[in-house]
Amino acid sequence: MFIEYVKANAASGMAVHDACKLKFLELKAKRNYRFIVFRIESRTQQVVVEKLGQPNETYEDFQKSFPANECRYAVYDFDFTTNENCRKSKIFFVSWQTICECRSPESSRVRSKMIYASSKEHFKRELEGIQVEVQATEASEMSLDVVKSRAL
């Protein structure tokens with residue numbers, strides 16, 4: 001029998017599934033993935049892996065992984081060339097929190113945003129090696145130009 005262990009966040013009551021840390025380590029050390037998208041599973045109240053981006057996927061593929069009306073966390077392994085013509089890589093943490101529109105069932109979207117906001121710092125600490133953070137409420141706030149400027 002396989003037992004999966006999770007660690008609870010005392011502040012928000014949120015747990016982080018072990019697969020989140022394991023897949024992040026694979027992205028960081030082995031470069032098995034270009035990006036990872038995480039979501040909070042409401043039923044179990046834990047952060048889980050939603051999508052693994054393959055090494056050949058683009059930044060555009062990454063951006064398309066975010067649902068329009070739901071919050072997510074993600075990490076992206078960004079390769080770039082410095083002004084000195086050196087090849088480098090930085091791991092970005094993205095907190096995607098969409099702007100809620102005033103419609104029913106608004107309370108569920110607002111509650112989701114609150115859960116994501118209160119769990120973010122704890123979750124980030126679980127992923128050792130994040131170098132840059134981007135918080136976005138719309139696609140333009142995490143455009144490739146924004147990421148490039150933050151990487152340098």
Side-chain angles (χ1 to χ4, degrees), residues 1-80 88-101 105-144 146-151:
M1 181 173 159
F2 179 72
I3 299 173
E4 296 182 35
Y5 296 94
V6 292
K7 295 178 183 156
N9 176 354
S12 69
M14 195 59 51
V16 177
H17 195 280
D18 286 340
C20 296
K21 288 172 73 172
L22 293 172
K23 295 301 179 188
F24 177 74
L25 288 172
E26 290 177 20
L27 176 141
K28 185 172 82 169
K30 299 178 184 176
R31 305 196 77 181
N32 288 355
Y33 310 107
R34 175 62 55 196
F35 62 86
I36 305 170
V37 178
F38 305 95
R39 68 178 167 79
I40 295 176
E41 169 145 327
S42 58
R43 187 176 48 79
T44 61
Q45 289 297 294
Q46 66 178 330
V47 181
V48 297
V49 173
E50 180 173 75
K51 181 177 182 181
L52 299 169
Q54 297 308 307
N56 61 340
E57 291 194 63
T58 66
Y59 193 76
E60 187 175 305
D61 296 326
F62 173 65
Q63 288 180 301
K64 289 178 183 177
S65 299
F66 293 91
N69 295 317
E70 296 177 32
C71 302
R72 293 293 186 272
Y73 302 126
V75 290
Y76 186 84
D77 186 8
F78 182 63
D79 293 323
F80 62 100
K88 289 199 172 192
S89 175
K90 286 194 177 178
I91 298 175
F92 278 73
F93 178 86
V94 176
S95 176
W96 173 251
Q97 296 192 7
T98 61
I99 298 173
C100 293
E101 298 173 11
E106 199 48 37
S107 61
S108 64
R109 286 197 186 132
V110 171
R111 185 175 189 292
S112 174
K113 283 183 71 167
M114 289 172 48
I115 290 170
Y116 273 83
S118 67
S119 302
K120 181 180 81 170
E121 289 304 317
H122 170 75
F123 182 59
K124 266 182 29 184
R125 281 193 303 273
E126 295 286 323
L127 307 178
E128 294 180 28
I130 291 172
Q131 297 160 303
V132 182
E133 179 181 348
V134 174
Q135 187 164 328
T137 57
E138 58 184 46
S140 66
E141 294 176 339
M142 58 179 247
S143 70
L144 186 55
V146 169
V147 170
K148 284 179 181 177
S149 71
R150 299 285 306 275

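Quick note: numbers below take in every heavy atom, side chains included, and nothing from hydrogens, waters or symmetry partners.
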Original post:
Looking only at heavy atoms, which two atoms of F62 and A74 are closest? And how far apart?
Top reply: CE1-CB, 3.6 Å

At what distance, to the nearest 0.5 angstrom, does [atom1] of [X] lie from [atom2] of [Y]?
| X | Y | atom1 | atom2 | result |
| --- | --- | --- | --- | --- |
| S143 | E60 | OG | CD | 12.5 Å |
| Q46 | C20 | CD | SG | 7.5 Å |
| E50 | F66 | CD | CZ | 9.5 Å |
| R111 | C71 | CZ | SG | 12.5 Å |

In plain terms, say whether [X] and [Y] are close enough for a salt bridge, that is, a side-chain N and a carboxylate O under 4.0 Å apart.
| X | Y | value |
| --- | --- | --- |
| R72 | E70 | yes |
| D79 | R31 | yes |
| E26 | K21 | no |

Subject >> ring-ring contact (aromatic ring centres under 6.0 Å, His included) between F35 and Y33, intermediate numbers included >> reply: CA-CA 5 Å; F35 62 86; Y33 310 107; 9.3 Å; no

Compare all side-chain heavy atoms of [X] with those of [Y] and state whether any distance is below 4.5 angstrom.
| X | Y | answer |
| --- | --- | --- |
| S89 | D77 | yes |
| K23 | L25 | no |
| V75 | L127 | yes |
| V134 | Y76 | no |

**OP:** Determine, step by step, whether I36 and F38 satisfy the side chain to side chain contact (heavy atoms under 4.5 Å, CB included) criterion, reporting the C-alpha distance in whole Å, the side-chain angles of both residues, the deciding distance to 0.1 Å, and the verdict.
**Re:** CA-CA 6 Å; I36 305 170; F38 305 95; 3.4 Å; yes

Hey, is the main chain of [Y] close enough, under 3.5 Å, to the side chain of [X] for a donor-acceptor pair?
| X | Y | answer |
| --- | --- | --- |
| K28 | E128 | yes |
| Y59 | L144 | no |
| S65 | D61 | yes |
| E57 | Q54 | yes |
| K88 | F80 | no |
| Q63 | M142 | yes |
| Q131 | I91 | yes |

Original post:
Of W96, F123, Y73, which is the lone residue that meets ring pair (Phe, Tyr, Trp, His ring centres under 6.0 Å) with Y116?
Top reply: Y73

Subject >> Geometric class of the F92/F78 ring pair [parallel <30°, tilted 30-60°, perpendicular >60°] >> reply: perpendicular

Subject >> Stepwise salt bridge (charged side-chain N to carboxylate O under 4.0 Å, His left out) check, E126 with K124 >> reply: CA-CA 5 Å; E126 295 286 323; K124 266 182 29 184; over 6 Å; no

Subject >> Candidate pair H17 and V47, rule side chain to side chain contact (heavy atoms under 4.5 Å, CB included), full reasoning >> reply: CA-CA 6 Å; H17 195 280; V47 181; over 6 Å; no

Original post:
Does the side chain of S140 pick up a donor-acceptor pair with the side chain of E138 at under 3.5 Å?
Top reply: yes

Original post:
Hey, are Q97 and K120 close enough side-chain-wise for a donor-acceptor pair under 3.5 Å?
Top reply: no

Subject >> side chain to side chain contact (heavy atoms under 4.5 Å, CB included) between E141 and V146, intermediate numbers included >> reply: CA-CA 7 Å; E141 294 176 339; V146 169; over 6 Å; no

**OP:** Using the side chain to side chain contact (heavy atoms under 4.5 Å, CB included) rule, take Q45 and M14 through it: C-alpha gap first, then chi angles, then the decisive distance, then the call.
**Re:** CA-CA 6 Å; Q45 289 297 294; M14 195 59 51; 3.3 Å; yes

